[in-house]
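Below is one structure, written out as structure tokens, with a few remarks after it.
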Amino acid sequence: MTTTKSCMIKPAWTPATIGLMVLGFVVFWPLGLAMLAYILWGDRFEGMFRDAKDQWRGSPLKGAFDQMSNSTGAARTGNVAFDDYREAELKRLEEERAKLDEMRAEFDNFLRELRRARDQEEFDRFMANRGRNTGGAEPAPL
């Protein structure tokens, strides 16, 4: 870790930081502004980061996020009757969802067949009209 820190640009008024700031302003002004902020307040960033991390660790939101990410389903409440009821209802809803998905697939197939039949009818009508327009003679194959 010492090697990495020794290669980093320190937040101070050095020729390298000034050059980077000027180059940042020339290329894209927010880069120059960011470099200026780093020069002025860069030594405080590490402490601010550490403080923010400590505040997050003590936050009640962190516990809620951890609980949501760790739990695979609904947590047990301790009330056995309610937990059994909830599991039965969730199972019933899953079965109902499966039925709805099956009905949706059947309806999609029905619509697909309906479109195919309509397209076939239009094609047959086109071919019949085409035959009348040419006098009933078959056109020569290309």
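These numbers come from the heavy atoms of this one structure, side chains and all, not from hydrogens, waters or symmetry mates.
Separation of atoms CG (Asp54) and CZ (Arg57) is listed at 5.5 Å; rounding is to 0.5 Å. In this structure, CD in Glu95 is found 12.0 Å from CG in Leu100, a value given to the nearest 0.5 Å. Atom CG of residue Asn79 and atom CZ of residue Arg86 lie 9.5 Å apart, to the nearest 0.5 angstrom. Rounded to the nearest 0.5 angstrom, Arg130 CZ and Phe126 CZ are separated by 5.5 Å.
Cluster annotation: Leu31 is not connected to Val26 through the hydrophobic network of ILVMFWY side chains, with a link wherever side-chain heavy atoms come within less than 4.5 Å. Clustering ILVMFWY residues whenever any of their side-chain heavy atoms sit less than 4.5 angstrom apart, transitively, puts Ile18 in the very cluster that holds Met35. Both Trp29 and Leu20 sit in one connected hydrophobic cluster of ILVMFWY residues. Membership requires side-chain heavy atoms under 4.5 Å apart, directly or through other members. Residues Phe25 and Leu23 do not share a hydrophobic cluster, clusters being chains of Ile/Leu/Val/Met/Phe/Trp/Tyr side chains in contact below 4.5 Å. No continuous path of ILVMFWY side-chain contacts below 4.5 Å connects Tyr85 to Leu90, so the two sit in separate hydrophobic clusters.
A salt bridge does not link Asp119 with Arg115: none of the charged nitrogens is closer than 4.0 Å to a carboxylate oxygen. A salt bridge links Asp108 with Arg104: the distance from a Lys NZ or Arg NE/NH1/NH2 to an Asp or Glu carboxylate oxygen falls below 4.0 Å.
Listed for the Thr17 side chain is a donor-acceptor partner under 3.5 Å among the backbone atoms of Ala12.
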- Could you give me the CA-CA distance, side-chain angles and deciding distance for Arg125 and Glu121, then say whether salt bridge (charged side-chain N to carboxylate O under 4.0 Å, His left out) is met? CA-CA 6 Å; Arg125 193 172 350 135; Glu121 180 186 326; 3.8 Å; yes

- Between Asp124 and Gln120, is a side-chain hydrogen bond (donor to acceptor under 3.5 Å, both in side chains) present by the stated rule, with each step listed? CA-CA 6 Å; Asp124 291 343; Gln120 185 66 44; 3.0 Å; yes

- Message: As a quick check of understanding, evaluate salt bridge (charged side-chain N to carboxylate O under 4.0 Å, His left out) for Glu89 and Arg92, giving each step before the final call.
- Response: CA-CA 5 Å; Glu89 285 298 306; Arg92 184 186 65 78; 2.9 Å; yes

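Looking only at side-chain heavy atoms (C-beta outward), Met103 and Phe107 stay at 4.5 Å or farther from each other. A 4.5 Å side-chain heavy-atom check between Arg97 and Leu93 finds every atom pair outside the cut-off. Residues Lys91 and Glu87 are not in side-chain contact: their nearest non-hydrogen atoms beyond the backbone lie 4.5 Å or more apart.
Shown here is Trp41, whose CH2 atom has no more than 12 heavy atoms of other residues, nucleotides or ligands within 6.0 Å.
The minimum heavy-atom distance between Trp13 and Leu36, with the atom names listed, is CH2-CD1, 3.7 Å.
A donor-acceptor pair shorter than 3.5 Å cannot be found between the side chains of Asn109 and Glu113.
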